Student: 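Sharing a structure with you now.
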There are 2 protein chains.
Amino acid sequence: MGETTENQQLTPEHRELLDQILDKWSLQVLDQLCGQSLRFNELRRAIPLVTQKSLTTTLRRLERNGMIERVIVGTRPVAVEYRISPIGNTLQELIDALLDWSSERLPDIQQARARFDAEHG
Amino acid sequence: MGETTENQQLTPEHRELLDQILDKWSLQVLDQLCGQSLRFNELRRAIPLVTQKSLTTTLRRLERNGMIERVIVGTRPVAVEYRISPIGNTLQELIDALLDWSSERLPDIQQARARFDAEHG
DNA sequence: CAGTATCCCGAATGATACTG
DNA sequence: CAGTATCATTCGGGATACTG
């Protein structure tokens, strides 16, 4: 606390990365894969409103960034399991922190929204 | 560690909130307002590529969610200062943690990307 | 200065059909 | 089952012009 806390700069590179792993669907996928492996259609059922295409895109991007791992189970038809990776696991803690934060602050935020909506049209 | 860590659920309400404050422009605005008040055009100049419209939209949404405060300085023409709010300040720590995380993990992630890109087309 | 109001286009998303 | 391919659509963002 006595030190000047050295804040990181938000470079384009960081921003791009965070954009790719903190977006709407990615958060829900990572949330689902927290602690359990799931197959494509299991994920699809677990995440309301996601389309096949959006889910595929999201999974590919998360895999490309090393956040999740795609494991092919060579059964007939063929099964694919998705699970969190070691890197992704380190991100989980931060996402949990964000969820804790939003749980804690949501009442204040809803109040702020109500006040804003009342003051403006 | 001995306890089962009780993970928060990512409800639609939480997801919507995080979507509104962790998006591309919001992160950059919050980053800029960390530790200093800035005016509209100062923000605009500080954030490359942002348009007037996108900046306005972002600022309104952050204000509505109680993350920033809009202070009208009643000079002639009129000046408006934007600054981080108390709630927004609690979010700053988490954003800093995300930036630290991405700085730390970026090499691994770039390696994962290279491997993915090599294995796929 | 700090916006609002329009128009408009391209990227992202959805719907549908098909495949290893 | 786990996708890919294609087409249709929407919608956020950009460009531009105007205002308190």
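Not measured: the values here are computed from a predicted model. Each chain gets a letter, A, B and so on, in the order its sequence line appears, and its residues count up from 1.
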Student: Enumerate the residue pairs fulfilling ring pair (Phe, Tyr, Trp, His ring centres under 6.0 Å) with a member in residues 102-121 of chain A, sequence neighbours excluded, ordered by first and then second residue.
Tutor: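 As it turns out, the ring pair (Phe, Tyr, Trp, His ring centres under 6.0 Å) pairs with a partner in residues 102-121 of chain A, which skip direct neighbours, are A:F116-A:H120.
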Student: Could you tell me the separation between the CG atom of B:D23 and the P atom of C:dA12, rounded to a whole number of Å?
Tutor: 15 Å
Student: Quick check on side chain to side chain contact (heavy atoms under 4.5 Å, CB included): which of B:L18, B:L98, B:D19 does A:L22 satisfy it with?
Tutor: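 Checked B:L18, B:L98, B:D19 against A:L22; only one passes side chain to side chain contact (heavy atoms under 4.5 Å, CB included): B:L98.
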Student: If you look only at pairs with a residue in residues 20-70 of chain B, which of them pass as a ring pair (Phe, Tyr, Trp, His ring centres under 6.0 Å), with sequence neighbours excluded?
Tutor: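 Sorted result for residues 20-70 of chain B: empty, none.
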Student: Answer yes if the side chains of B:S54 and B:T57 hold a donor-acceptor pair under 3.5 Å, and no otherwise.
Tutor: no
Student: So, do B:L38 and B:Q36 sit near enough that their side-chain heavy atoms are less than 4.5 Å apart?
Tutor: yes
Student: Between A:R15 and B:D31, is there a salt bridge with N-O shorter than 4.0 Å?
Tutor: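 No.
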Student: With nearest nucleotides of DNA chain C determined for A:V78 and A:K24 from heavy-atom distances, which residue corresponds to the more 5′ nucleotide?
Tutor: A:K24
Student: Give me the bend of the helix from C:dC1-D:dG20 to C:dG20-D:dC1, using the axes of the five pairs at each end, rounded to 10°.
Tutor: 60°
Student: So which protein nitrogen or oxygen atoms get under 3.5 Å of nucleotides 7-10 of chain C's nitrogens or oxygens?
Tutor:
none

Student: Using the side-chain hydrogen bond (donor to acceptor under 3.5 Å, both in side chains) criterion, which residues pair with B:Q110? Sequence neighbours excluded.
Tutor: A:E13
Student: How is B:R44 classified with respect to the nucleic acid when contacts are heavy atoms under 4.0 Å: base, sugar-phosphate, or nothing?
Tutor: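 No contact.
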Student: Decide salt bridge (Lys or Arg N to Asp or Glu O under 4.0 Å) for A:R113 and A:D117; before the verdict, give the C-alpha distance in whole Å, the side-chain angles of both, and the deciding distance to 0.1 Å.
Tutor: CA-CA 6 Å; A:R113 287 175 180 167; A:D117 293 344; over 6 Å; no
Student: Which of these passes side chain to side chain contact (heavy atoms under 4.5 Å, CB included) with B:R61: B:V29, B:D23, B:I21?
Tutor: B:D23
Student: If you walk 5' to 3' along DNA chain D, what is the first nucleotide with an atom under 4.0 Å of a heavy atom in chain A, and what is the last?
Tutor: D:dC1 to D:dC7
Student: What's the separation between atom CG in A:L30 and atom CG in A:L91, rounded to the nearest 0.5 Å?
Tutor: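 It comes to 6.0 Å.
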Student: Side-chain N or O of A:T51 versus OP1/OP2 of C:dG14: is the shortest distance under 4.0 Å?
Tutor: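 Answer yes for this pair, as a side-chain N or O of A:T51 is under 4.0 Å from OP1 or OP2.
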Student: DNA chain C: B:E81 or A:W25, which has the more 5' nearest nucleotide?
Tutor: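 The answer here is B:E81.
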Student: Could you tell me whether A:E69 and A:R83 make a salt bridge, using a distance below 4.0 angstrom between a side-chain N and a carboxylate O?
Tutor: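 A:R83 and A:E69: salt-bridged.
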